[in-house]
Participant: 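Handing you this structure, nothing more for now.
As a basis for the values below, the full set of heavy atoms in this structure was taken, side chains included, without hydrogen atoms, waters or symmetry mates.
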Amino acid sequence: MPGLFCWSALYPSKITLMGNSVDATYPAKKNLMGNMAFKSHSALGHTAYADLLRLLHDDDAAGFEGSIRRKTIRGKTYLYETFRIGQKMKDRYLGEATAELEDRISKAEALRAQTRERRTTRTRLVRRLRAEGYLGFDTKVGALLTALARIGVFRLGGTLVGTLAFRLYEGELGMRMTSDQIVQTGDVDIASFERLSLALGDTVTEPVSDVLARLNLGPVPALRPGHVWRWQDIEDELMVEFLTPAFGDEGLRKLPALGVSAQALHYLNFLLADPIKAVALYRSGILVQIPRPEAYAIHKLIVADRRQAGPDELKSRKDRAQAALLVEALAEMRPDELAEAYTDALSRGPRWRARIEASLKRMPETAERLGPLA
């Protein structure tokens, strides 16, 4: 509820909401069964996160200097900044045309004048969020995300998936996450649509491989020559992988906008539809892209059934745990969005339904929450 909160620089434990003083720290939510469920961050923390996200969007828009043109790709309109480099004209992809993006572009000059002030405010907001218990990133992952954002990976359609994305729903949903709920696998998974990558007509400003090499990540040899899609740091086992939806056989595909290859996987198209921006808490904040939480939750139900035996069983348990927590939160906070994602997945055919139903048989509480939504 923007505009309704009155809060001081000291972030008091009470806030004024519609003229009434209320406790800013929420207790654990209770589900319909009366059991303790997920816990929320304070309203002040959630507002601080929203302000930080807005300021990072403004910083993005402050860099717009050229003329703006529109391009329609497969029925959607995208915005580009056109500017001259020497004797050549260059197009820089900005994103899908939205009223919010158009408004920021129109205010680019004013936003440039406030860059230093925004940075100071962002640092203060990050400090506030850390003090409240929001999870940050270590130097290795933080530096990696900073470098990928700087060269345009997230601007050009790259979307964080996997546990790294799951961590970022803490800010999007304002829900507390504990270390036992974040079983970090050491993987940084980035996914993008092959078709979008082909159609954008823009590329990262520096080769991804060069950026990863500076961070001590070396390419992992692929079975197909010329198709590197994984990089690994042998010292701390950090792995960076690029993925893309499979329309047909799973295999390796090129992502021209990012300058890498990617492993194609079924069901990933559902996860990547209409991603959202999020903030990774490192230094003064990093603007990244993640799937919508409702899509992530339902996708985890699908992939959990694909991972059955051996070492994949641990990943399957992690998938179910993440899906259960998100479904619990979304059923209370965003039931309409959750219902839409659930019914969409069920409508995509018997194989999709079978995967979801197989996972829900092992998750009775989650099945009970989703049942009325179908």
Participant: Backbone N or O of Tyr93 within a donor-acceptor pair of the Arg155 side chain at under 3.5 Å?
Facilitator: yes
Participant: Locate the shortest heavy-atom distance separating Ile151 from Glu206; write the atom from each residue and the value.
Facilitator: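 Shortest heavy-atom separation between Ile151 and Glu206 comes out as CD1-O, 3.5 Å.
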Participant: Using modelled atom types only, decide if a donor and an acceptor are shared between the side chain of Tyr296 and the backbone of Gly162 within a distance under 3.5 Å.
Facilitator: yes
Participant: Give a yes or no on whether the backbone of His41 and the side-chain of Glu132 come within a donor-acceptor separation of less than 3.5 Å.
Facilitator: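 Absent.
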Participant: Lys361: what forms a side chain to side chain contact (heavy atoms under 4.5 Å, CB included) with it, not counting sequence neighbours?
Facilitator: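 With sequence neighbours excluded, Lys361 shows a side chain to side chain contact (heavy atoms under 4.5 Å, CB included) to no residue whatsoever.
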Participant: Here's one to test your reading of the geometry: is the NZ or CZ of Arg167 within 45 degrees of the ring axis of Phe137 and under 6.0 Å from its centre?
Facilitator: yes
Participant: Heavy-atom distance under 4.5 Å between the side chains of Val303 and Leu271, does that happen here?
Facilitator: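 SC-SC contact between Val303 and Leu271 ruled out.
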Participant: Please report the shortest heavy-atom distance between Ala323 and Ala297, naming the atom on each side.
Facilitator: CB-O, 3.5 Å
Participant: Is the closest side-chain heavy-atom distance between Val208 and Phe242 below 4.5 Å?
Facilitator: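 Yes, close enough: below the 4.5 Å cut-off.
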Participant: Using side-chain heavy atoms (C-beta onward) and a distance below 4.5 Å, is Glu337 in contact with Leu330?
Facilitator: no
Participant: Would you mind checking if Asp58 and Arg118 are paired as a salt bridge, meaning a charged N to carboxylate O distance below 4.0 Å?
Facilitator: no
Participant: In chain order, what residues pass the side chain to side chain contact (heavy atoms under 4.5 Å, CB included) check against Arg317, with sequence neighbours excluded?
Facilitator: Glu313, Leu314, Arg320
Participant: Could you list all the ring pair (Phe, Tyr, Trp, His ring centres under 6.0 Å) pairs where at least one residue sits in residues 317-364, not counting sequence neighbours?
Facilitator: Tyr267-Trp352, Phe270-Trp352
